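Here the structure comes first, spelled out in C-alpha cells, and everything after it is commentary.
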Amino acid sequence: VSCFFSKKFVCTAFVPTRNVVIRTMSSSLAAATTTISFGDLASPADTDATVVVGKKSVLQDFIADNVPSCLGLVNADKETFEAMLNSIDGNSGSASTFLEKGHQFMLCALPDTVTRNNHEMSTHKVTELLSSIPKGKTRLLFANVPSHYHGALASAVAKAFPLYSRKTSNNNYRSIQVSFLDDTGTVQMNEVSLKAAHVVSEGVQLAAELVDMPPAELTTDVYAAKCREIANELEGVTMTEIVGDELDKAGYGGLYGVGKAAECPPRLVIMEYTPANDPTQTVALVGKGIIYDTGGLSLKPKVGMCGMKHDMGGSAGMLGGFVSAVKLGIDKKLVLILCLAENAIGPTAFRNDDILTLYSGKTVEVNNCDAEGRLVLGDGVAHATKHIPDLNLVVDMATLTGAQLVATGKKHAGILANTQELERQAVAAGLRSGDLTYPLLYAPEILKEEFNSKVADMKNSVKDRNNAQTSCAGHFIEFHLDKDYTGGWLHVDMAGPASKNERGTGYGVGLILALLNAPGF
C-alpha cells in the first residue's frame, strides 16, 4: 500500500528470518507515529517496556519457567511477577511494575476458558488490554500461542492503535515489536503465519484509518483515487470505474439516486485480481461506501448524525481484506466492488415517494431516504451477478442497520447466508479471525411482504420495524441478485463491530481472509 493521504509510513518487505516493520505513519499535523513489527525477540536494552500476554494459567507456567531465561530482564524477580499476576482480579486484566533503569514490565492475562461464540484467545480483550500499554518502544510477547492464532492476534494488536490524527500536538510515539512464543519460551519464526500477521495488521490499520477520516477529506473522488494508487502497486490487479451521470445512463439507479445530490459524484469502483495460476474459485466482495450519511431528506437528528463518517466501514473492511488477500497470494479470482456515495441533501436529492429503478431492473419506491445502504448494495450485487463469469460467491459487507446491534451485539456482525453450509463457514471464519459473526434469521419468503408497495416492485424500508428488520434489510439486497445466479450469497451487517469509542476498528479484514482461506488463516 502506498503512502496514504497526508501521512507517511515505511513498509519494508517481509523477511521471515528477521523483524518485519510493517508500518510507520505520522500525521502532517502531529508528531505521532506507530510502528508494529513481527519477528524475533528484541533486547530489553533497546526497549522501554516488556508486555507479556497470555491465558492466565499459561502466564503462571511462563513465569515459573521462562522469565529469567527468555526475557533477559535485569534483576527479574519471580516472586514479584507472581504477585503481579495474583493481583489481577477475576479471570482477566493487567498489572505492571518498573524494573531496573526504569524498564516497565506488564502482564496481560486472558481468560482460560471462553464460550463457543468467542475467539479462543479472547481477541477483543487483547485489544482492550493493549490500548493501555506505555508509549515509546515496547516488546510485546504472546506466551504459548499456536501459529494458527497469529493472524487473529496481529489483527487485535492493530485494532488497539488507530493511526488517524489531526491533533496539532501529539506525543504518542510507539514502536511495538511482537514475538510469538511457544510453550518452551522459544520465539516461533513460522514464515506463513508471520507473513499473515504482517499483512493483516497492515490491512486492519488501513481500513480503520479510512473509517476515521472526516468526509471533507475522504470524498468519493479521493477514495477512488487512493484505490487506483493501490491497484497500480499490486501485481495482477486492475481497476475500472463508473462515475456520476454514467451510472444513471447505465441503469444503476440506486447508487446514482443516493449520491447525486452530493458535491462529489457517486462511483462504482471495480478492482479485479487474477492469480498467476488458474483460480480455484471466483469471489465478489461488495462494500457499502457511504462516505457520509445525513439521512438524506429523511434527515438524521443532531446526535444521530455525528459519527456517520463511519458509514463506509463495509467498503473499508472489504478494501483492506482485498489488498491483504492479494499480498498473501490468494489462489482465487477476486472482484472488489465499492459502492461509493455521499447521502447528502439538496435540490437534486432523491425523495421519499420517488421510484428508483435499480440495476437489477426492479423498481423501488422510496419510503425512507435513510435506508440508502441497501439501495447502493442492490446495484453492487446486481453488477456482480450479471457481469462476473463463473462467479461462485458474493459477499456484501455494510454498516447497514442499527438494529444489528440489538440482534447480535457490538462485537458480532450479523450474517445472512443463502445456504446453511455458507452460514457455518462464515461463523467459523469469524472464530478463526477474531472478527466474530452470528447468524440472523434467514427467511426471505416470509419477510418479503415487509417491502410490499402499491406502485413498485418493493419499498426500500420495512412497514413493521419489530419484525426482524435486520434480516429484512439484508434480504432487500438479496432480492437484487441476478435471477440466473445460482452461487453463494453472504451478507455481513457490521454496524456494531465497525467502530468502538468513536474510532474505526478495521473490522472485516480478518474475516475476509478467513472466508477466503488465505495462507495463515
Side-chain angles (χ1 to χ4, degrees), residues 4-5 124 127 131 155 158-166 203-220 222-223 226-227 258-259 262 264 266 269 286-296 298-321 338-344 369-377 396-414 435-437 470 473 491-512:
F4 235 74
F5 308 106
H124 288 90
T127 300
S131 62
S155 175
K159 290 175 181 178
F161 306 105
L163 296 175
Y164 182 85
S165 176
R166 286 295 177 266
V204 165
Q205 290 196 315
L206 165 63
E209 184 184 21
L210 285 167
V211 172
D212 284 340
M213 292 186 70
E217 291 183 32
L218 189 69
T219 65
T220 57
V222 170
Y223 201 164
K226 296 309 172 182
C227 288
V258 169
C264 295
V269 172
V286 185
K288 173 188 171 184
I290 301 298
I291 61 108
Y292 198 70
D293 183 16
T294 65
S298 302
L299 192 65
K300 292 180 183 290
K302 176 182 70 173
V303 175
M305 197 184 300
C306 292
M308 282 298 106
K309 65 180 183 178
H310 290 176
D311 211 19
M312 41 64 66
S315 67
M318 286 298 202
L319 178 61
L338 303 182
C339 307
L340 306 183
E342 178 180 357
N343 189 15
C369 294
D370 196 20
E372 83 298 329
R374 64 199 69 180
L375 295 172
V376 305
L377 287 175
D396 73 73
M397 185 181 294
T399 51
L400 200 66
T401 66
Q404 176 272 306
L405 284 80
V406 178
T408 62
K410 295 182 178 180
K411 294 180 173 62
H412 293 70
D435 284 347
L436 302 174
T437 67
T470 301
H491 166 67
V492 183
D493 188 341
M494 33 79 89
S499 59
K500 183 179 180 181
N501 296 331
E502 301 183 13
R503 281 289 205 172
T505 63
Y507 180 96
V509 177
L511 177 63
I512 292 301

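Remember, it's a predicted structure, so these values are computed and weren't measured experimentally. Values reported hereafter were calculated over all heavy atoms of this structure, with side chains retained and with hydrogens, waters and symmetry mates removed.
Shown here for G414 and T408, the closest heavy-atom pair between the two residues is N-OG1, 3.5 Å. The minimum heavy-atom distance linking S298 with C369 is given by the pair OG-N, 3.0 Å. Looking at every heavy atom in both residues, G506 comes nearest to A208 through N-CB, 3.8 Å. Of all the heavy atoms in G259 and A341, the pair that sits closest is CA-CB, 3.9 Å. Residues P214 and Y164 approach most closely at CD-OH, 3.1 Å, considering heavy atoms. Shortest non-hydrogen contact noted between V204 and A158 is CG1-CB, 3.8 Å.
Q205 contributes no side-chain N or O that, together with a main-chain N or O of K159, makes up a donor-acceptor pair within less than 3.5 Å. Q404 places no side-chain N or O within donor-acceptor distance of the main-chain N or O of A413, the cut-off being under 3.5 Å. Remark: side-chain polar atoms of Y507 are not paired, donor with acceptor, to backbone N or O of H412 under 3.5 angstrom. Judged by distance alone, the side chain of T294 and the main-chain N or O of N343 form a donor-acceptor pair under 3.5 Å. A donor-acceptor pair is defined here as one N or O able to donate and one able to accept, closer than 3.5 Å; no such pair exists between the side chain of E372 and the backbone of V258. In this structure a side-chain-to-backbone donor-acceptor pair under 3.5 Å is missing from D370 to K300. Judged by distance alone, with hydrogens and angles left aside, the side-chain atoms of T505 form a donor-acceptor pair with the main-chain N or O of A498 at under 3.5 Å. Looking only at distances, a side-chain donor or acceptor of D435 sits under 3.5 Å from a matching main-chain atom of G510. Not a single donor-acceptor pair under 3.5 Å links the side chain of D293 to the backbone N or O of M308.
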side-chain contact (heavy atoms from CB on, under 4.5 Å) assessment of M312 paired with L218: CA-CA 10 Å; M312 41 64 66; L218 189 69; 3.9 Å; yes
Chi angles and distances behind the side-chain contact (heavy atoms from CB on, under 4.5 Å) call for L377, L400: CA-CA 10 Å; L377 287 175; L400 200 66; 4.3 Å; yes
Salt bridge (Lys or Arg N to Asp or Glu O under 4.0 Å) between K288 and D311, worked out: CA-CA 8 Å; K288 173 188 171 184; D311 211 19; 2.9 Å; yes
From CA spacing to verdict: side-chain contact (heavy atoms from CB on, under 4.5 Å), K309, I291: CA-CA 6 Å; K309 65 180 183 178; I291 61 108; over 6 Å; no
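In this structure the side chain of E342 never reaches within 4.5 angstrom of the side chain of I290, judged on heavy atoms. For the pair C339/V286, a side-chain contact is recorded, criterion being any heavy-atom separation below 4.5 Å from C-beta on. Two residues are said to be in side-chain contact when any heavy atoms from C-beta on lie closer than 4.5 Å; M397 and L511 meet this criterion. Using a 4.5 Å heavy-atom cutoff, the side chains of T401 and R374 are in contact. In this structure the side chain of H124 reaches within 4.5 angstrom of the side chain of L436, judged on heavy atoms.
Rounding to the nearest 0.5 Å places NZ of K411 at 10.5 Å from CG of L405. Distance check, rounded to the nearest 0.5 Å: CG of L206 to NZ of K226 gives 11.5 Å. Here L340 contributes atom CG and T219 contributes atom OG1; the two are 9.5 Å apart, rounded to the nearest 0.5 Å. Taking CG from L319 and CD1 from I512, the interatomic distance works out to 11.5 Å, rounded to the nearest 0.5 Å.
The salt bridge (Lys or Arg N to Asp or Glu O under 4.0 Å) contacts involving residues 498-507 comprise D212-R503, where partners must be two or more places apart or lie in separate chains.
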